[in-house]
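Since the structure comes first, as structure tokens, the remarks are kept for the end.
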Amino acid sequence: MSQKVRVRFAPSPTGPLHIGGVRTALFNYLFAKKHGGDFLLRIEDTDQTRYVEGAEAYIIEALNWLNIPYDEGPGKEKDCGPYRQSERKHLYKQYADALIESGNAYYAFDTSKELDAHRKDHDEKGKTFIYNWHNRLKLKNSLVISAEETQQKIDNGEEYVIRFKSPEDETLHLNDIIRGEMQVETSILDDKVLFKSDGMPTYHLANIVDDHLMEITHVIRGEEWLPSLALHVLLYRAFGWEAPKFAHLPLILKPTGNGKLSKRDGDKMGFPVFPLEWQTSEGDHFSGYREDGYLPEAVVNMLAFLGWNPGTEQEIFSLEELVEAFELERVHKAGAKFDPEKTKWFQHQYLQEVDDAKLAADFSQLLKEKGVSSNLNLTKIVSLLKERATFVGDLWDQGSFFFEAPDSYDAKASDKAFKAETPELLQKVVSILNATEDFSAENLSEKVKGWITSENIGFGKVMMPLRLALVGEMKGPDVFDILSILGKEESIYRIEKAIKFVG
């Protein structure tokens with residue numbers, strides 16, 4: 001690729017960023033970085049009626065949290081700004097005028113009422129009304145009325161739109177990096193509205209003009225834009241501009257595979273579909289991956305595999321490795337089924353890689369929120385628990401006993417573990433602990449196991465009630481690690497409590 005690669009992510013600020021949009025941003029980012037190019041953020045806010053306060057800030061924060069920041073965009077202004085379409089609206093009229101000048105567009109004065117009547121009439125005859133070559137000469141537009149009359153209508157303030165004049169009878173050959181060659185007959189295309197009399201362009205015109213002015217080389221976007229591809233290619237041709245290369249990403253499907261994953265599916269099905277949590281002005285709350293305790297690296301890795309495959313067995317990819325391996329040609333056409341369990345699997349893998357000290361700091365924060373103060377060695381606790389944890393919150397579920405002595409004992413386990421001889425055996429453990437200065441797990445193990453072996457006692461007779469005494473359940477890491485962390489005083493207190501319970 002001789003020309004510098006430039007791609008853009010162009011969301012509308014109509015609410016929080018769905019993970020489908022995040023995946024589009026990620027694929028654009030990976031492609032740009034792979035080819036040493038630029039990743040732009042453009043905010044498509046021409047539809048001010050749907051604008052939602054805070055949505056733009058949310059989009060930017062989400063990209064930053066995921067470590068896929070844009071190179072150019074709001075707040076990172078370069079030569080191609082401004083990067084909000086609402087701040088670019090002065091640009092579009094001249095391009096709409098240029099299309100009229102070249103005969104590729106025309107003024108249409110049909111009112112909504114008149115168009116509705118045409119649609120109704122067609123419906124009654126079992127046909128579909130399309131405004132294009134087969135009826136445009138029978139409707140109210142500048143192809144039919146004179147230039148003077150057209151100007152008169154505009155001067156009189158009559159409402160109008162500017163429509164694209166689709167070619168009548170041509171087979172358009174389109175190319176998509178993911179989907180390959182496609183053909184479209186132009187006779188089935190409608191003459192899309194490009195510009196409205198309120199001075200605002202429609203998405204189609206603004207999008208093409210902005211991509212051209214921002215020197216975008218590759219348009220990587222969702223499958224829902226595929227029906228617009230023919231019009232966009234025709235617009236590039238009408239302007240005499242070279243079109244970028246296009247790639248339309250597959251849909252993200254519900255976990256059942258039945259239909260597109262929607263904004264409301266997540267909370268219905270118990271998993272987030274947004275990167276960050278979001279509160280609507282009506283008070284609706286949507287959960288986010290960040291607040292649910294997911295690591296950004298895990299979310300990125302999961303999203304990369306929604307529709308793309310490296311062609312190898314490798315599943316865990318750092319962002320750098322994804323950049324290295326990513327190719328649009330390896331993106332599938334078929335919809336990608338979202339799998340919440342696989343997302344948790346990625347999260348579990350990444351949690352294991354987090355430095356114990358960092359994890360201990362996060363765990364410390366969680367303890368503070370729970371009102372638990374502790375001077376135990378949290379780094380050591382985390383290192384023992386994390387193998388079974390997927391989220392930082394799991395560390396509490398796995399190891400709350402470190403901070404709270406059990407006030408009851410699992411009924412099923414105590415029936416099995418607590419026997420008549422248990423108090424005597426546990427009393428002996430207390431004596432050993434009392435006499436032990438070096439409270440390391442290794443030393444404790446040597447002392448207690450040495451005694452069990454020398455006395456020829458079954459290990460289960462001591463180890464099971466000892467674990468129950470310390471934990472309250474048959475769970476947790478190695479008993480001697482637990483003793484070592486709790487320390488002599490707390491360990492003996494818990495064992496004596498259990499002796500009372502059994503006795």
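Note that this is a predicted model, so its numbers are computed, not measured.
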Hey, does Thr46 have a side-chain heavy atom less than 4.5 Å from the side chain of Lys89?
no
State whether Asp45 and Arg84 are salt-bridged, where the test is any N-O pair (Lys NZ or Arg NE/NH1/NH2 against Asp/Glu carboxylate O) under 4.0 Å.
no
Before we go on, tell me: are the rings of Tyr107 and Tyr160 under 6.0 Å apart, centre to centre?
yes
Quick one: ring pair (Phe, Tyr, Trp, His ring centres under 6.0 Å) partners of Trp241, sequence neighbours excluded?
Tyr95, His212, Phe239
How would you list, by chain and number, every residue that makes a ring pair (Phe, Tyr, Trp, His ring centres under 6.0 Å) with Phe109, sequence neighbours excluded?
none
Which heavy atom of Phe363 sits nearest to which heavy atom of Trp396, and what is that distance?
CE1-N, 3.7 Å
Between the main-chain N or O of His118 and the side-chain N or O of His122, is there a donor-acceptor pair closer than 3.5 Å?
yes
Applying side chain to side chain contact (heavy atoms under 4.5 Å, CB included), run through Glu185 and Glu170 and close with a yes or a no.
CA-CA 6 Å; Glu185 299 303 321; Glu170 186 188 331; over 6 Å; no
Do Pro250 and Lys333 touch side chain to side chain, with heavy atoms closer than 4.5 Å?
no
Glu291 side-chain N/O to Glu277 backbone N/O, donor-acceptor pair under 3.5 Å:
yes
Salt bridge present between Lys34 and Glu324 (N-O < 4.0 angstrom):
no
Go through it in stages, so that I can follow the logic: the residues are Lys165 and Asn104, the test is side chain to side chain contact (heavy atoms under 4.5 Å, CB included), and I'd like the CA-CA distance, side-chain angles, deciding distance and then a yes or no.
CA-CA 5 Å; Lys165 190 179 173 190; Asn104 287 296; 5.5 Å; no
Looking at Gly20, is its backbone amide N or carbonyl O close enough to the side chain of His18 to form a donor-acceptor pair, meaning the two atoms are under 3.5 Å apart?
yes
Lys125 and Asp123 ion-paired at < 4.0 Å
no
Under the 3.5 angstrom rule, does the side chain of Asn64 hit a backbone N or O of Pro69 as a donor-acceptor pair?
no
Keeping Gln349 on the side-chain end and Glu315 on the backbone end, is there a donor-acceptor pair under 3.5 Å?
no
Any sub-3.5 Å donor-acceptor pair from His248's side-chain atoms to Asp176's backbone N or O?
no
Could you tell me if the ring centre of Trp278 sits under 6.0 Å from that of Tyr58?
yes
Mind checking what makes side-chain hydrogen bond (donor to acceptor under 3.5 Å, both in side chains) contact with Tyr294, not counting sequence neighbours?
none
Set of residues satisfying ring pair (Phe, Tyr, Trp, His ring centres under 6.0 Å) with respect to His204, sequence neighbours excluded
His232
Is the distance from the ring center of Phe9 to that of Tyr29 below 6.0 Å?
no
Derivation of the salt bridge (Lys or Arg N to Asp or Glu O under 4.0 Å) call for Arg264 and Asp284
CA-CA 11 Å; Arg264 298 209 171 258; Asp284 288 338; 3.7 Å; yes
If you apply the rule side chain to side chain donor-acceptor pair (under 3.5 Å), what do you find for Tyr131 with Asn141, and how did you get there?
CA-CA 11 Å; Tyr131 200 129; Asn141 56 58; 3.1 Å; yes
Heavy-atom check, side chain of Val22 versus side chain of Pro275, under 4.5 Å
yes
Can we say Glu223 and Arg179 salt-bridge, meaning some charged N sits less than 4.0 Å from an Asp/Glu carboxylate O?
yes
Partners meeting ring pair (Phe, Tyr, Trp, His ring centres under 6.0 Å) with Tyr83 (sequence neighbours left out):
none
Where do His173 and Glu181 land on the side chain to side chain donor-acceptor pair (under 3.5 Å) test, with the steps shown first?
CA-CA 7 Å; His173 296 273; Glu181 295 288 337; 5.4 Å; no
Is it the case that atom CD in Gln314 sees more than 12 heavy atoms from other parts of the structure closer than 6.0 Å?
yes
Could you pull out all residues at least two apart from Arg119 that satisfy side-chain hydrogen bond (donor to acceptor under 3.5 Å, both in side chains)?
Asp116
Is Glu72 salt-bridged to Arg42, going by a charged N under 4.0 Å from an acidic O?
no
Is Glu53 atom CD crowded by more than 12 heavy atoms from other residues, nucleotides or ligands, each under 6.0 Å away?
no
Assess the residue pair Asp71 and Lys76 against the criterion (side chain to side chain contact (heavy atoms under 4.5 Å, CB included)); give the C-alpha distance rounded to whole Å, side-chain angles, the decisive distance to 0.1 Å, and a yes or no.
CA-CA 7 Å; Asp71 302 304; Lys76 293 183 184 177; over 6 Å; no
